[in-house]
Amino acid sequence: QQSSCDRIYMTAANEDTGLEGGVFYSDDGGENWTPMGLEFKQEYSIPMVSDPRNEDVLYSALAFGNPNQWRSRESGAETALIRSTDGGETWQALEGTAEISRYYAEAIAVDPGAPDNVYVATRAGQIFGSPDQGVTWMNLGVEVPEAVVMEALVDAGFTTFDLADHYGNSEDLVGAFRAGHHQKGSLRALVEDKGLGFFTKWVPRSGPMPVNVVAEALDVSRRRMQVS
């Protein structure tokens, strides 16, 4: 995001690559980058938006580790919603909610017509709104039905799905799809009659790969996809 012709802002997500993540700015067209928000320990960030009436007001969200690590702990992403009022020189933590903290603020939006209104969408499909620039939040009761998209693809005749890898939420989407059809008693028919299949893969860290590490990764994927 660029707030002026001189300063550029960037967020980065550390996906266990060894590269630094977080929020950054550049004053030389991207040749050099300076980290911001060093008062926070979280190192993963995706969204950043500015107030359309004041480019010095910025919003972002930080998290500990990558999405795979969030799923391995009860506290999830441990999100820090943050705001700056001076172009990123200093940042303040916003209270947020327990759901935002656990599931991460994947997207942030500021209402251009009423910039005090700020909105957050979590990876779990929830949408929260704040009427006071992020000081207080309320669940807007909007649930994004991702599994509906898969229903449409299956109805159109698609039977094989490559989930790319397990760092995103694709395995959770499959789990929601399978759970819905299991409750309706139609899962077995889909699998046996249509040959419905899902393929996922795990990208391990470099180094020794003992059997228990592989088994644990497989168990995580099976639980997320609700495969017994």
Side-chain angles (χ1 to χ4, degrees), residues 9-24 33 35-49 59-83 91 93-108 120-128 134 137 139 143-144 146-147 161-179 198-228:
Y9 297 104
M10 177 182 73
T11 62
N14 185 338
E15 296 279 5
D16 274 348
T17 60
L19 301 176
E20 188 176 19
V23 289
F24 304 83
W33 293 93
M36 302 181 292
L38 295 179
E39 58 267 49
F40 303 100
K41 295 181 180 180
Q42 291 93 328
E43 73 283 0
Y44 179 105
S45 182
I46 291 179
M48 181 182 289
V49 296
Y59 299 89
S60 187
L62 304 172
F64 281 113
N66 62 45
N68 186 51
Q69 294 170 317
W70 308 345
R71 288 186 286 269
S72 67
R73 57 178 182 247
E74 185 64 28
S75 57
E78 299 179 19
T79 305
L81 278 175
I82 60 175
R83 180 185 64 199
W91 294 82
L94 302 173
E95 187 66 26
T97 70
E99 294 91 345
I100 294 174
S101 175
R102 183 175 185 182
Y103 296 114
Y104 191 63
E106 189 78 8
I108 304 174
V120 158
T122 71
R123 292 178 72 95
Q126 304 154 317
I127 298 179
F128 295 83
W137 295 89
N139 191 326
E143 300 290 335
V144 181
E146 291 180 313
F161 295 85
D162 185 346
L163 309 183
D165 61 53
H166 72 171
Y167 289 113
N169 64 347
S170 54
E171 290 180 347
D172 296 316
L173 175 58
V174 170
F177 175 85
R178 288 175 56 87
F198 306 96
F199 294 87
T200 188
K201 58 180 174 285
W202 172 55
V203 182
R205 299 182 183 183
S206 59
M209 194 55 53
V211 173
N212 66 301
V213 172
V214 177
E216 182 180 351
L218 291 173
D219 286 342
V220 169
S221 291
R222 289 165 65 90
R223 287 197 301 270
R224 293 179 62 201
M225 298 171 67
Q226 301 202 27
V227 176
S228 59

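Here the structure is a predicted model, which is why all the values come from computation and not from measurement.
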Minimum heavy-atom distance I108-A61, with the two atoms named | CD1-N, 4.2 Å

Would you sort out whether I46 and E106 count as a side-chain contact (heavy atoms from CB on, under 4.5 Å), showing the intermediate values?
-> CA-CA 7 Å; I46 291 179; E106 189 78 8; 3.7 Å; yes

Could I get the full list of ring-ring contact (aromatic ring centres under 6.0 Å, His included) partners for F161, not counting sequence neighbours?
-> F198

Between S221 and T200, does any side-chain donor sit less than 3.5 Å from a side-chain acceptor?
-> no

Looking at side-chain heavy atoms only, is the closest gap between T11 and P47 below 4.5 Å?
-> no

E78/R102 salt bridge by N-O under 4.0 Å criterion = no

For A80 and Q42, the nearest pair of non-hydrogen atoms, with its separation, is CB-NE2, 3.3 Å

E39 CD: over 12 foreign heavy atoms closer than 6.0 Å = yes

Take F64 and Q69 through the side-chain contact (heavy atoms from CB on, under 4.5 Å) test and state the conclusion after the steps.
-> CA-CA 8 Å; F64 281 113; Q69 294 170 317; over 6 Å; no

Enter the distance from L62:CG to E43:CD here, rounded to the nearest 0.5 Å.
-> 9.0 Å

For residues G22 and S45, report the shortest heavy-atom separation together with the two atoms involved.
-> O-CB, 3.6 Å

Y104: ring-ring contact (aromatic ring centres under 6.0 Å, His included) partners, not counting sequence neighbours | Y44, W70

Hey, does V227 have a side-chain heavy atom less than 4.5 Å from the side chain of V174?
-> no

Counting only N and O atoms by type, is there a donor-acceptor contact under 3.5 Å from the side chain of T97 to the main-chain atoms of I100?
-> yes

Working for side-chain contact (heavy atoms from CB on, under 4.5 Å), residues V120 and I127 | CA-CA 6 Å; V120 158; I127 298 179; over 6 Å; no

Are there more than 12 heavy atoms of other residues, nucleotides or ligands under 6.0 Å from atom OH of Y103?
-> no

S101: partners by side-chain hydrogen bond (donor to acceptor under 3.5 Å, both in side chains), with sequence neighbours left out = none

First locate atom CZ of R224, then atom CZ of R178, and finally report the distance between them rounded to the nearest 0.5 Å.
-> 14.0 Å

Distance (rounded to the nearest 0.5 Å) between F128 CZ and L81 CG = 10.0 Å

May I have the step-by-step check of side-chain contact (heavy atoms from CB on, under 4.5 Å) for M48 and Y59, ending in yes or no?
-> CA-CA 5 Å; M48 181 182 289; Y59 299 89; over 6 Å; no

Can you sort out the partners of W137 under ring-ring contact (aromatic ring centres under 6.0 Å, His included), two or more places apart, ordered by chain and number?
-> none

Who passes ring-ring contact (aromatic ring centres under 6.0 Å, His included) against F40, sequence neighbours left out?
-> none

Look up atom CZ in R223 and atom CG in L218, then write down how far apart they are to the nearest 0.5 Å.
-> 11.0 Å

Side-chain touch I82/L94, heavy atoms, less than 4.5 angstrom | no

Over all heavy atoms of both residues, which pair between M36 and W91 is shortest? Give the atoms and the distance, please.
-> CB-NE1, 3.6 Å

Non-neighbouring partners of T122 that pass side-chain hydrogen bond (donor to acceptor under 3.5 Å, both in side chains), sequence neighbours left out = Q126

